[in-house]
Amino acid sequence: MRLRIYRFDPESGAPPRMQDYEIDFDARGRKVLDALIALKEVDETLAFRRSCREGVCGSDGVNVNGVNGLACITALEGLREPIEVRPLPRLPVVRDLIVDMDQFYRHYRAIKPYLINLDPEPENERLQSPADRAELDGLYECILCACCTTSCPSFWWNPQRFLGPAALLQSYRFIADTRDQATDERLDYVEDPYRLFRCHGIMNCVEVCPKGLNPTAAIGKIKSLLVKRAL
Amino acid sequence: MRTVGGARRGLGLWLLQRASALYLVLFLPVFLLLLWRAMPLDYAAWRALFTPLAMKLATLLAFAALLLHAWIGLREIFIDYLRVLPLRLTAYFLFGALYLACLAWAADILWSVG
């Protein structure tokens, strides 16, 4: 199997390069992460993040043959060789396939990803009707792997100012939550030519989301709420 | 430096772009239908098509919607690619002026039909 991996070591002072590898590896039923782990046996200087290796933790987001995805659930079979593995686009590279997620998390932090409810805490829990709870389906499953945000051209052009699909999906997750009391403040925060309205609905985010979520739909719902509030 | 940004901006233009698109979607089929009914479309039929005031107004509104839609789209492109603020403002102004002139011209042409 032939692989072409993005290599960069900031301490060496050398510019980034693509390194070709040829390994003896049976691709059947295996994932890209399996190949990367096998590759590390050959070349221990290769650096990448991984943890749960089953698509739950979201730490091994990479760009495989030009498409963002989680290495651990991207099947090797059917991939054109040499399989090109690059770090997620538009985030600073720490080393090889490891990116600095700081900007991504900053946007996530900015949308206040927690319930804001000033009522005294009830004895047990804040209850929701099953219908209200169902509103959160397709939102809460996000694992913050950054595959969507780093596939969005609007994020590439304005990484500091456009919140990106992941943070906007999370923002809607709390806007949609009936237990949250800060809806107006949340809407105020996103109503901005950069933070929200850089999204032109091209749906790259939907295409790559490893959890099958739809940030574009969530962004559309935020816009509908903004319209409803304004009129 | 302080970054300013914020609340309560951007929705109006986004909504206007949607509204203008909606108007064009409604106007164009009706306009094409009228064209089709006016066949064969010689000079007299073409003039007769634009003689009623309602048609003049509807067509002018369509031009206004088209130009507004285009200007908002251009603004989005300028926001992404023209990072130097004076340059961006100049581009807004120039295209705004150009499109307004186009609109005035469209009105002039429409109302030249007796």
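Chain identifiers are assigned alphabetically (A, B, ...) following the order of the sequence lines, protein sequences preceding nucleic acid strands; residue numbering begins at 1 within each chain. Being a predicted model, the structure only gives us computed values, none of them experimental.
Side-chain contact, B:Arg47 with B:Tyr43: a donor N or O sits under 3.5 Å from an acceptor N or O.
Only the side chain of A:Tyr194 comes within contact range of chain B, with at least one heavy atom under 4.5 Å from a heavy atom of that chain. Contact annotation for B:Leu15: only side-chain heavy atoms (C-beta onward) come within less than 4.5 Å of a heavy atom of chain A.
Salt bridge A:Arg126/A:Asp119: absent, no basic N to carboxylate O contact under 4.0 Å. A salt bridge is absent between A:Arg49 and A:Asp60: the closest approach of a Lys/Arg side-chain nitrogen to an acidic carboxylate oxygen does not fall below 4.0 angstrom.
Remark: the backbone N or O of A:Phe174 is not paired with any side-chain donor or acceptor of A:Lys112 at under 3.5 angstrom.
The candidate with the highest count of non-hydrogen atom pairs below 4.5 Å against chain B, out of A:Glu185, A:Arg229, A:Gln160, is A:Arg229.
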